[in-house]
Amino acid sequence: MRTLQTTYDKNREKEIYARWEAAGYFRADATSGKPPYTIVIPPPNITAKLHMGHALNNTIQDILIRFKRMQGFEALWMPGTDHAAIATEVLVIKALAAQGITKEQLGREGFLEKLWEWNELYGGTIISQLKSLGFSCDWERTRFTMDEGLSDAVLEVFVRLYNEGKIYRGERLVNWCVKCGTSISDAEVEHDEREDLIYHFKYAVAGTDEFISFATTRPETMLGDTAVAVAPGDERYAGLVGKFARVPFGDGREIPIIADEYVDPEFGTGVVKITPAHDPNDFEVGVRHNLPRINILHDDGVVNENGGEYAGLTREEARKKITEDMKQRGLFVKTEPLKHSVGGHDRCGTIVEPLMKLQWFVKMEELAKPAIDAYESGKLKFNRERFAKIYMNWLNNIRDWCISRQLWWGHRIPAYYCDCAHITVSKIAPDACEKCGGKNLTQDPDVLDTWFSSALWPFSTLGWPEKTPELEKFYPTDVLVTDRGIIFNWVVRMVFSGEKFMGETPFKDVFIHGTVLDEQGRKMSKSLGNGIDPLEIIEEFGADVLRLMLVSGTALDNDMRFLRERLEPTRNFLNKLWNATRFVIMNAPGAQRMPGASDESGAASESPVSENSAAVEIEDAWILSRCRQVTIETTEKLESHELGHAAQKVVDFIWDEFCDWYVEIIKPRLYATRNAQGDRQSAEAQASSPVQEAKHAAELSRERAQKTMFAVLNAAIKLLHPFTPFITEDLHIALAEAQGKRAETVMLSDWPAFGDEFNNPAAEKQIERVKEVVRGIRAVRTEKQVPPSQKIGVLILPENNETGEIFENLRAAVAQMAGAKEVLILAPGATPPENAVSLVVARATIYFDSLVDAEKEAARVAKERKKLEQEIARIDAKLANEGFLAKAPAALVDAERQKREEFSAMLAKIEGAS
RNA sequence: GGGCGCAUAGCUCAGCUGGGAGAGCGCCUGCCUUACAAGCAGGAUGUCGGAGGUUCAAGUCCUUCUGCGCCCACCA
C-alpha cells in the first residue's frame with residue numbers, strides 16, 4: 001500500500017500530467033457510441049504568453065470538460081492557436097528592427113519565412129504553458145488558424161461568399177496608419193484624451209456678401225470639403241441652404257450648402273464642413289447627398305495632387321500653412337483650446353487618419369439575420385442577459401465587415417487581377433483570367449482580417465469543408481467560454497458563420513466571464529507592468545491551488561481581483577483534504593490487520609452500496625445522506641455553470657461535515673477494536689462468549705465505518721476532481737490501493753451518484769441535534785475556561801427515547817468531542833441530580849458536574865432566554881399580521897407556527913430548569 | 001453622448017426566481033487532543049451606498065441621487 005507523505009507535493013503535477021497524456025486520456029473518439037460534449041478553445045495568439053485571463057478562461061473549460069467526461073460523455077476539448085495577423089506581424093517587425101532589418105528588405109517571401117519560424121519557436125510555448133495548468137485538451141488534434149486545413153476552409157468561405165455576391169470590393173473609409181501603411185480595425189484604435197486646438201474659419205457664400213462660419217480640428221481637410229451642412233430647419237441658415245460656399249483654395253471651387261440630420265444645431269455655430277473622404281460621419285452625409293469624395297492624402301500622410309498648392313506637405317505642415325493662408329484671406333475667425341480624444345494606432349501610437357481605400361467587405365445584413373434568430377428562438381443562450389444585449393445590439397446595428405488588411409501575415413486574399421480589369425476569385429491560383437484568358441494575373445497583396453479565420457473555428461477545426469466523422473460527431477459544440485471583450489469580434493462572427501455554412505448555431509451556450517484584475521482593481525496590462533504571471537503562482541502553490549482559487553468565491557460573470565492572500569486558504573484546504581485521506585488510509589482495514597488474516601471483509605466496495613446497504617449506525621446514514629445531497633447539488637451547479645458554488649459545496653462538505661464531524665464521530669469505532677485484531681476467532685467461538693460477541697460486534701461496526709468513510713471520501717474527491725485534477729488523482733489512486741484495489745485514474749472514473757435509498761432526512765436531523773449538544777458543551781467549557789486537559793462529567797437528558805438512543809450509541813464520540821470524562825444519558829423525563837447545573841441546548845438538556853459555576857450559568861441561561869423571547873415576539877408579530885396570514889404561502893405560515901412552538905417549548909424547558 | 005456593471009462585517013467577496021444577514025482572510029480567547037498548528041475549539045463584528053416607492057414582507061423589485069469601473073460611439 002502506498003503511504004502518503006505528510007503534505008501534498010505540488011511537484012507531482014508534472015509527472016501526473018505526463019502520465020495522463022501518455023495514456024491518451026484526453027483523446028476524444030469520434031467513433032464512440034457515447035454522447036458528445038464539445039468545447040472549442042478560444043485559440044490563444046501565437047504572440048501570447050500565458051496570462052491570468054487564459055488561466056481563468058481555460059480553467060472554466062477544463063472543469064466542464066472533466067465533469068462531462070466523468071459523466072460518460074465523449075468529451076472533446078478542441079485546442080489550437082491563432083496566427084493573430086497584425087499582432088504577430090508587429091511583434092516580428094520589432095524583433096527584426098532590433099537586428100536592423102525591415103520587412104521590405106526581406107521581401108514578402110522572406111518575411112513570411114521569419115513568421116513561420118516565429119510560429120515554430122513560440123507557437124508551442126503557450127500550449128506547453130496551458131499544460132502546466134492541467135488542461136485536458138485533446139492535444140493530438142491541435143490546430144492552427146493558418147495550417148493547411150484551416151486555410152482551405154478560409155478560402156472556401158471566401159470563394160463561396162464572393163460567388164454569392166456577399167463579398168464585394170468597395171471604396172470605404174478605413175482607419176489608416178500612415179506610419180505602418182496599413183488599415184487597422186476599430187479595435188486596434190486607441191482613443192486618447194488630449195489637448196488640441198479647434199479652429200474657426202468661414203467660407204464666403206457665393207453670390208452674396210455673406211459668410212458661413214464653422215469649426216474644425218483638422219484644417220487640412222478643407223482641401224477635401226465637398227459641402228457645408230446645417231441642421232434641417234435651423235432658421236439661422238434657412239436662407240443659405242441650396243446656395244454654395246466657396247472653398248478659397250486653387251480655383252475657388254464652390255460646394256453646396258446642404259441640410260442634414262447629422263448636424264447638431266446646438267453645437268458651435270451649427271455648421272459642419274463636410275469632407276466625405278476623410279471623416280466617417282461626413283462619408284455618410286456624402287452618401288446621402290451624393291457628394292463627391294476628394295481624397296487629399298497619399299498613404300504616407302502627405303498631401304497629394306488634389307491638394308493643389310499644398311501637395312507634398314505632410315498633414316501637419318499643411319494644417320499650419322492653410323491656417324496662415326486663411327488668416328491672410330480674412331477667413332480665419334479664432335482658435336480655441338479643445339480637450340478631445342484622438343484615435344491612435346495601438347501598436348505605434350500614430351494618429352489614425354480616415355482614408356478612402358478599396359477594401360474587401362462582407363455584406364452583413366443577410367448574414368446577421370440567422371444570428372439574430374438564433375438568440376431570439378432560444379437556440380443560443382447567454383449566461384447573463386446583459387451579454388445577450390450586447391450581442392443583439394451589435395447585430396441590430398450591424399455594418400459591413402471590412403476584411404482586408406494591408407499585411408503579409410495571414411490568409412492572402414484569393415483574388416487575382418487581370419489587365420482586363422476582371423477579378424478572378426479562386427481557391428487555387430488560376431492560370432488565366434476567367435474572362436479574357438489573359439495570363440498576366442496578380443494576386444491581391446492584402447490578407448484577411450484575423451477574425452475571418454477565427455469565425456470558422458468551431459467547424460474548421462473539425463475538418464470542414466470535408467465531411468469528417470469529427471464534424472458529424474462533435475458539431476455543434478456545447479458551450480463557448482470567453483471574455484466579454486470579444487463578443488462581437490468573435491462570438492457574433494462564429495454564430496453567423498456557423499449558421500451560414502453548417503446550418504446550425506456553433507454552440508448552445510455562451511459563457512462570458514469577467515476579467516482578472518490586479519490587487520487594486522486595475523486591468524492587468526503590459527504597460528502598467530501589474531500582470532501576475534500564472535506560472536509563478538503555479539511554481540509556488542501548484543496548479544490545483546490556482547485553479548480552485550480562481551473559480552471559488554466569485555460569481556465569475558463579473559470582474560474579479562487577483563489577491564495573493566486568497567491562495568493560502570485554498571492551499572490549506574487541499575492540505576486538509578490530503579490529511580483527511582491520510583487518516584482514512586491509516587485506518588483502512590488492512591492497516592491494522594495482522595499478516596495472514598483474511599481480507600474478506602476488508603476492501604470496501606467502490607460503491608457505498610453494499611449488500612446489506614442500510615447503514616446501521618446513524619452517523620453513517622447521516623454522512624451518506626449528506627454526501628448524496630452534496631453530489632446532487634454539485635452536479636446541478638456544474639450543469640448550470642455555477643462553478644464557484646459547485647466548488648464551495650464540495651469544499652464545505654469535505655471540511656465542515658466530513659472532517660470536522662464525521663471523522664471525529666467515528667474515531668471511537670475505529671479505535672475500539674484496534675488492539676483486538678490479533679485474536680480474531682471463528683464465528684462459533686465469537687458467538688460462544690459474550691465478551692467475544694461484543695468484540696465481534698465492535699469489529700463489524702468498525703468495518704462499516706471504514707466502508708463508509710472510504711466511500712464518502714472517494715465520492716467527494718471525485719466531485720472535486722474537475723477543479724483540482726492533480727491532487728484528486730493521487731488521492732483517488734491511493735484510496736483504491738488502500739483497499740487492495742487498483743485504480744487507473746480518477747479522470748475516467750464514474751461521476752458519483754447516490755440512489756434515493758441513501759436519502760435519510762431523519763438521520764440528518766438527529767446528527768444535527770448531536771452537533772448542537774456537542775457545541776453547547778464546548779461553548780460552556782470555553783466560557784468556564786475549563787482547560788482541555790480537564791475532563792468534565794456530563795449528563796444528557798434527551799427530549800425523547802429516540803434521541804436518547806442516539807446519544808447512548810454515540811456516547812463515546814460525544815465524550816471525546818466534548819472533552820468529557822464521562823457522558824451519562826438519562827432516560828427522557830428522568831429527574832437529574834440536584835447538584836447538577838443545566839444548560840438547554842436545542843433538543844436535549846445537558847447537566848454538568850460541579851465544574852459549572854451556577855452564577856455564570858444563570859447569566860447564560862438568561863441570555864438564552866432573552867434570545868428565545870425575542871424570536872417568539874418576532875413570530876407573534878408576524879402571525880398577528882392579517883396581511884401575512886392572508887397572502888403569504890400557507891407552508892410559510894405553518895413553518896412560522898411550528899417554530900413558535902419549538903421556541904416556546906425550549907423556553908419552558910429553560911424556565912423549568914432554573 | 002449611448003449602453004452596462006459594481007457599492008453587503010476591517011479586507012476580498014457569496015447571497016438564484018422577494019420570507020429569520022453568510023464565507024474566507026484578519027481580529028480576540030484557549031489548545032502542539034496520536035490525519036492536519038497550512039490545524040482544532042470557542043468568540044466579537046454589519047442603519048446590506050443615500051432617499052423615495054411597490055408589497056403582509058425588500059440586501060433582493062421600481063424610481064432617483066451619489067461614488068467607482070467597463071464597453072460602444074465620438075461630435076465638427
Side-chain angles (χ1 to χ4, degrees), chain A residues 4 6-8 186 191 198-200 214-218 221 229 262-264 267-275 279-282 338 340-343 384 386-387 389-390 393-394 397 484-485 487-488 514-515 517 519 521-523 549 552-555 557-563 565-566 568-587 637 640 642 644-645 648 651-652 659-660 663-664 667 671 774-775 778-783 785-789 816-819 871 874-875 878 881-889 891-893 895-896 899:
Chain A
L4 296 176
T6 47
T7 54
Y8 178 60
D186 290 347
H191 290 274
I198 182 162
Y199 300 76
H200 293 256
F214 53 88
T216 180
T217 51
R218 295 185 297 158
T221 61
Y262 160 64
V263 181
D264 174 5
F267 190 92
T269 58
V271 180
V272 184
K273 66 183 215 51
I274 301 298
T275 322
D279 181 281
N281 288 313
D282 294 7
L338 178 75
H340 68 158
S341 67
V342 176
R384 290 287 183 276
R386 61 175 194 271
F387 299 133
K389 270 195 214 164
I390 297 176
N393 191 42
W394 173 268
N397 299 297
R484 169 172 355 107
I487 291 179
F488 9 82
T515 309
L517 307 172
E519 310 225 346
R522 300 171 307 178
K523 243 182 175 164
M549 174 273 195
S552 48
T554 139
D557 56 313
N558 280 321
D559 293 351
M560 55 168 291
R561 294 184 195 201
F562 187 94
L563 296 177
E565 63 174 25
R566 284 188 48 215
E568 281 183 33
T570 309
R571 176 201 56 188
N572 293 353
F573 165 71
L574 292 184
N575 187 240
K576 183 80 180 174
L577 173 64
W578 181 263
N579 280 296
T581 308
R582 278 180 67 217
F583 174 86
V584 166
I585 288 173
M586 284 164 67
N587 290 284
K637 294 293 178 192
S640 60
E642 294 172 84
H645 292 137
Q648 208 55 51
V651 169
D652 288 347
C659 293
D660 288 349
V663 164
E664 295 305 321
K667 272 181 181 172
Y671 298 153
V774 170
R775 280 199 203 103
R778 284 169 174 170
V780 171
R781 288 185 59 108
T782 300
E783 193 178 312
Q785 299 187 335
V786 180
S789 52
Q816 169 126 351
M817 290 189 286
E871 288 299 322
R874 187 187 59 78
I875 295 174
K878 216 165 186 179
N881 182 333
E882 283 172 29
F884 176 72
L885 294 176
K887 299 192 179 172
L892 184 69
V893 178
E896 293 286 349
K899 268 187 247 169

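To find a chain, count down the sequence lines: A is the first, B the second, and so on, and within it residues start at 1. Computed from a predicted structure; not experimentally measured.
- The C1' atoms of B/rC68 and B/rC31 are separated by 45 Å, rounded to the nearest whole Å.
- In this structure, A/A895 reaches neither bases nor backbone, as no heavy-atom distance under 4.0 Å exists between it and the strands shown.
- Distance check on atom C1': B/rC61 versus B/rC71 gives 26 Å, rounded to whole Å.
- Residue A/D660 is in sugar-phosphate contact alone, with no base atom involved, counting any heavy-atom pair closer than 4.0 Å across all strands shown.
- Put simply, CD1 on A/I390 is 9 Å from C1' on B/rC72, counting in whole angstrom units.
- When every heavy atom of A/K273 is checked against every heavy atom of A/D282, the shortest pair comes out as O-OD2, 3.3 Å.
- Contact between A/Y262 and A/V272 at its shortest, heavy atoms only, is CE2-CG1, 4.2 Å.
- The pairing partner recorded for B/rC11 is B/rG24, the criterion being a Watson-Crick or G-U wobble arrangement whose two distances lie under 3.5 angstrom.
- Neither OP1 nor OP2 of B/rA38 sits under 4.0 Å from any side-chain N or O of A/R571.
- Base pairing analysis places B/rG39 opposite B/rC31; the two distances defining the Watson-Crick or G-U wobble pair are each below 3.5 Å.
- The residue A/K637 sits apart from the nucleic acid: no heavy atom pair falls under 4.0 Å.
- Scanning for ring pair (Phe, Tyr, Trp, His ring centres under 6.0 Å) contacts around A/F488 gives A/W394, with sequence neighbours left out.
- A/T217 comes within contact range of the sugar-phosphate backbone alone, with a heavy-atom separation under 4.0 Å but no base atom that close.
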Taking N or O atoms only and anything under 3.5 Å, show me the protein contacts with nucleotides 56-61 of chain B, one pair per line.
from: B/rC56; atom 1: OP1; to: A/K887; atom 2: NZ; distance (Å): 2.2
from: B/rC56; atom 1: O2'; to: A/N881; atom 2: ND2; distance (Å): 2.5

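- Taking atom C1' on both nucleotides, B/rG59 is separated from B/rG18 by 10 Å, rounded to a whole Å.
- B/rA38 and B/rG3 have their C1' atoms separated by 46 Å, given to the nearest Å.
- Put simply, A/K389 has no side-chain N or O that comes within less than 4.0 Å of OP1 or OP2 on B/rG3.
- Rounded to whole angstrom, the span from the CD atom of A/Q648 across to the P atom of B/rG22 amounts to 16 Å.
- The nearest whole Å value for the distance from the CG atom in A/N393 to the C1' atom in B/rG3 is 7 Å.
- In this structure, A/D279 and A/R218 have side chains that are in contact, with non-hydrogen atoms separated by less than 4.5 Å.
- A residue-by-residue look at A/E519 and A/L892 shows that A/E519 has its nearest nucleotide of RNA chain B further toward the 5' end.
- Per the geometry, CZ belonging to A/R386 stands 13 Å off C1' belonging to B/rG69, to the nearest Å.
- When distances are taken from the side chain of A/K576 to each of B/rC36, B/rC71, B/rA76, the shortest belongs to B/rC36.
- Contact annotation: A/R484 does not reach the phosphate of B/rC71 (side-chain N/O to OP1 or OP2, under 4.0 Å).
- Using a 4.0 Å cut-off between charged side-chain N and carboxylate O, A/D559 and A/R484 make a salt bridge.
- Looking at every heavy atom in both residues, A/D660 comes nearest to A/E664 through O-CG, 3.4 Å.
- Residue A/I198 is in sugar-phosphate contact alone, with no base atom involved, counting any heavy-atom pair closer than 4.0 Å across all strands shown.
- A sub-4.0 Å separation between OP1 or OP2 of B/rG15 and a side-chain N or O of A/H645 is present.
- Under the rule for a side chain to side chain donor-acceptor pair (under 3.5 Å), A/R566 has no partner lying at least two apart in sequence or in another chain.
- Distance noted for atom C1' between B/rU8 and B/rG50: 15 Å (whole Å).
- Picking from B/rG42, B/rA76, B/rG39 the nucleotide with the shortest atom distance to the side chain of A/T782 gives B/rG42.
- To the nearest whole angstrom, the two P atoms, one in B/rG42 and one in B/rG19, are 29 Å apart.
- Closest to the side chain of A/A555, from the set B/rA35, B/rC74, B/rA14, is B/rA14.
- The gap from the P atom of B/rA44 to that of B/rC32 amounts to 24 Å, rounded to the nearest Å.
- For A/A779, taking side-chain heavy atoms from C-beta onward, the closest of the listed nucleotides B/rC71, B/rA35, B/rG42 is B/rG42.
- In this structure, B/rU55 forms no base pair with any nucleotide, since neither Watson-Crick nor G-U wobble geometry is met with both distances under 3.5 Å.
- Both A/R566 and A/C659 lie near RNA chain B, and the one whose nearest nucleotide falls closer to the 5' end is A/R566.
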Requested in this report: Begin with the C-alpha distance, continue with both residues' side-chain angles, and end with the deciding distance and a verdict on side chain to side chain contact (heavy atoms under 4.5 Å, CB included) for A/M549 and A/R571.
Outcome: CA-CA 9 Å; A/M549 174 273 195; A/R571 176 201 56 188; over 6 Å; no
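- Counting all heavy atoms, side chain and backbone alike, A/V263 lies closest to A/G270 at CG1-O, 3.5 Å.
- Not one side-chain nitrogen or oxygen of A/Y262 sits closer than 4.0 Å to the OP1 or OP2 atom of B/rC74.
- Following rounding to the nearest Å, A/M560 (CE) and B/rA23 (P) show an atom-to-atom distance of 20 Å.
- Residue A/K523 is in sugar-phosphate contact alone, with no base atom involved, counting any heavy-atom pair closer than 4.0 Å across all strands shown.
- Atom pair A/E565:CD and B/rC25:P shows a separation of 10 Å (rounding to whole Å applied).
- Note: CD1 (A/I487) to P (B/rC71) measures 12 Å, nearest angstrom.
- In this structure, CG of A/D279 is placed 6 Å from P of B/rC75, rounded to the nearest angstrom.
- Of the possible donor and acceptor atoms, one in the side chain of A/N587 sits under 3.5 Å from a partner among the backbone N and O of A/F583.
- Nucleic acid contact for A/L563: sugar-phosphate only, since backbone atoms but no base atoms lie under 4.0 Å from a heavy atom of the residue.
- Of all heavy-atom pairs between A/R386 and A/D557, the closest is NH2-O, 3.2 Å.
- Checking B/rG69 for Watson-Crick or G-U wobble geometry (two distances, each under 3.5 Å) identifies B/rC4 as its partner.
- Within the nucleic acid shown, A/V663 comes within 4.0 Å of at least one base atom, counting heavy atoms only.
- Rounded to whole Å, the separation between the C1' atoms of B/rA9 and B/rU47 comes to 14 Å.
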